[in-house]
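Just so it is clear: chains get the letters A, B, ... in the order the sequence lines come, proteins before strands, and each one is counted from 1.
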Protein chains: 2
Amino acid sequence: MRLVDTEPGQSRYAALASAMRARIVAGEWPPGSAIPAEQTLAAEHGVALGTMRRALDLLAEQGLLERVHGRGTFVRQGLSGAPMLRFFRFGADEREAPRSRILARDVLAAPAEVARALACGPGEPALRLKRLRSVGGQPALLEEIWLPLPAFQALADGDAAAWGDLLYPLYAERCGVHVHRAVDTIGFGNLGAAQARALQLPAGHPCARVQRQAYDLAGRCVEWRTTRGDAHAFHYTVSIT
Amino acid sequence: MRLVDTEPGQSRYAALASAMRARIVAGEWPPGSAIPAEQTLAAEHGVALGTMRRALDLLAEQGLLERVHGRGTFVRQGLSGAPMLRFFRFGADEREAPRSRILARDVLAAPAEVARALACGPGEPALRLKRLRSVGGQPALLEEIWLPLPAFQALADGDAAAWGDLLYPLYAERCGVHVHRAVDTIGFGNLGAAQARALQLPAGHPCARVQRQAYDLAGRCVEWRTTRGDAHAFHYTVSIT
DNA sequence: AAGTGGTCTAGACCACATC
DNA sequence: ATGTGGTCTAGACCACTTG
């Protein structure tokens with residue numbers, strides 16, 4: 001029977017949740033796989049079923065686990081799509097899948113801000129991508145993406161044209177990196193000359209700027225991205241309570 | 001003992017939650033007051049304590065109730081502040097409370113879009129406010145606010161200069177309207193000449209536009225508001241999982 | 001001390017998915 | 001049929017708040 005350190009003031013189920021989180025982050029059950037049944041885990045930790053359920057519910061709320069009635073409890077896969085387009089409304093048919101094209105791929109010294117976020121030494125080499133996303137054949141979003149380098153070496157080589165339209169599944173397949181959480185910071189700016197050209201807009205045109213930092217299960221920042229698109233196409237809804 | 005219709009496929013606690021929601025919306029316990037103890041409610045409905053707790057937890061998650069250990073369970077007051085400024089970063093000292101000034105107050109026929117949202121007949125009279133919010137003495141946000149009219153008659157009369165800096169507490173005190181939920185839609189645009197003048201910016205300057213619809217406990221739209229501020233001061237962070 | 005919500009238990013039974 | 005998660009019960013005990 002596994003014992004759990006119970007800090008005073010910490011409830012049993014919270015301690016159990018931490019313990020389970022540690023086992024998941026350590027890779028005991030890889031993303032997408034099922035963890036043992038509630039009964040098994042409860043017995044293993046010597047607690048009542050309800051207490052273990054409470055712990056697992058907590059982790060599910062936090063997005064670490066996914067519970068499926070009748071099938072089991074699973075470690076969540078990475079974020080499915082890259083829902084960058086949810087911030088924009090372009091006239092084109094929404095059902096049509098957006099297309100991606102890699103405009104540039106270079107190994108460069110990361111700027112200070114990027115290096116700090118990615119936790120690689122300042123000036124250390126990183127992989128930089130420039131990417132254009134199109135909707136209905138029209139250029140819509142321009143992205144600049146920084147990836148830390150030993151981890152993403154697999155993307156520095158090979159044919160980028162064969163990558164497909166979604167990056168996160170690619171990260172998972174080719175580099176074993178699962179994006180689990182992301183923080184987007186929205187701001188406003190103006191397009192530089194080259195950026196405007198890529199988006200077929202006049203230079204200096206107003207743009208919405210979304211700066212994203214993406215994290216894996218262990219909380220490491222694994223992607224630093226800036227996305228720009230026509231400010232007039234920007235549209236976002238927030239519900240507050 | 002109160003009985004609850006249990007639709008097939010609906011769990012007991014969900015049905016209980018609906019029943020409690022109805023009693024709250026009906027005003028059985030006004031905002032800010034405590035509801036009876038869990039034990040009492042459980043007995044009243046003839047269910048186990050755990051089941052009633054589950055129902056109340058659900059309503060708490062939905063923001064309808066607020067649970068306080070040792071004191072009781074309370075019907076939530078309206079949204080505390082009007083956190084419109086969370087969308088912006090102005091240079092001024094953040095600790096300093098923003099100030100408000102009413103620029104105009106008129107009873108007018110509501111435009112079609114507003115009338116539809118407020119569920120008053122198109123062209124029926126409504127109260128329109130124009131309001132300027134300043135931070136550190138500098139004009140920052142310009143607001144246009146529409147309120148449905150029999151309900152807000154108390155604000156059509158009296159001295160608007162004495163209103164103070166927050167509107168939602170005012171709605172509660174003077175009109176008995178509690179704002180419980182709001183939906184903000186963000187976009188970018190350009191300032192008209194008069195708007196720019198009020199904000200001390202050049203005409204045509206880019207602005208962020210936040211369109212808010214606020215709802216009371218019963219789900220009625222009780223406020224329609226558009227807020228504009230310098231697009232370059234706009235700044236918002238979203239976490240996704 | 002009394003009343004409130006929060007935690008934990010042990011067990012029964014139900015609903016869903018799979019073989 | 002079996003195994004999974006979801007619901008519900010009845011009760012004990014703990015932690016926090018108030019008079």
Show me the donor-acceptor pairs, under 3.5 Å and distance only, between side chains in residues 55-72 of chain A and residues at least two apart or in other chains.
{"residue": "A:Asp57", "atom": "OD1", "partner": "A:Arg67", "partner atom": "NH1", "Å": "2.6"}
{"residue": "A:Gln62", "atom": "OE1", "partner": "A:Arg21", "partner atom": "NH2", "Å": "2.7"}
{"residue": "A:Arg67", "atom": "NH2", "partner": "A:Glu38", "partner atom": "OE2", "Å": "2.4"}

With a 3.5 Å cut-off and sequence neighbours excluded, list the donor-acceptor pairs that the side chains of residues 150-166 of chain A form with protein atoms.
{"residue": "A:Asp159", "atom": "OD1", "partner": "A:Ala161", "partner atom": "N", "Å": "3.0"}
{"residue": "A:Asp165", "atom": "OD1", "partner": "A:Arg99", "partner atom": "NE", "Å": "3.4"}
{"residue": "A:Asp165", "atom": "OD1", "partner": "A:Ser100", "partner atom": "N", "Å": "2.9"}
{"residue": "A:Asp165", "atom": "OD2", "partner": "A:Arg99", "partner atom": "NE", "Å": "3.1"}

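For the salt bridge (charged side-chain N to carboxylate O under 4.0 Å, His left out) with A:Glu143, the lone residue among A:Arg101, A:Arg228, A:Arg131, A:Arg209 that qualifies is A:Arg131.
When rounded to the nearest whole Å, the span between CG of A:Leu65 and C1' of D:dG5 equals 13 Å. Residue A:Gln39 contributes atom CD, which lies 10 Å from atom C1' of D:dT4 at whole-angstrom precision.
Taking 4.0 angstrom as the limit, A:Arg71 places none of its side-chain polar atoms (N or O) nearer than this to OP1 or OP2 of C:dC16.
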Tabulate atom names and distances for all N/O pairs under 3.5 angstrom spanning the protein and nucleotides 6-13 of chain D.
{"residue": "D:dG6", "atom": "OP2", "partner": "A:Arg53", "partner atom": "NH1", "Å": "3.1"}
{"residue": "D:dG6", "atom": "OP2", "partner": "A:Arg53", "partner atom": "NH2", "Å": "3.2"}
{"residue": "D:dT7", "atom": "OP1", "partner": "B:Tyr13", "partner atom": "OH", "Å": "2.8"}
{"residue": "D:dT7", "atom": "OP2", "partner": "B:Arg54", "partner atom": "NH1", "Å": "3.0"}
{"residue": "D:dT7", "atom": "OP2", "partner": "B:Arg54", "partner atom": "NH2", "Å": "2.8"}
{"residue": "D:dC8", "atom": "OP1", "partner": "B:Arg12", "partner atom": "N", "Å": "2.4"}
{"residue": "D:dC8", "atom": "OP2", "partner": "B:Tyr13", "partner atom": "N", "Å": "3.2"}
{"residue": "D:dT9", "atom": "OP2", "partner": "B:Ala48", "partner atom": "N", "Å": "2.9"}
{"residue": "D:dT9", "atom": "OP2", "partner": "B:Thr51", "partner atom": "OG1", "Å": "2.3"}

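At a threshold of 4.5 Å between non-hydrogen side-chain atoms, the residues B:His178 and B:Val75 do not count as touching. Side-chain contact between B:Tyr215 and B:Val183: present, with at least one pair of heavy atoms (C-beta onward) separated by less than 4.5 Å.
Shown here for A:Gln213 and A:Ala117, the closest heavy-atom pair between the two residues is NE2-CB, 3.8 Å.
Between A:Gly70 and B:Leu56, the one whose closest nucleotide on DNA chain C sits nearer the 5' end is B:Leu56.
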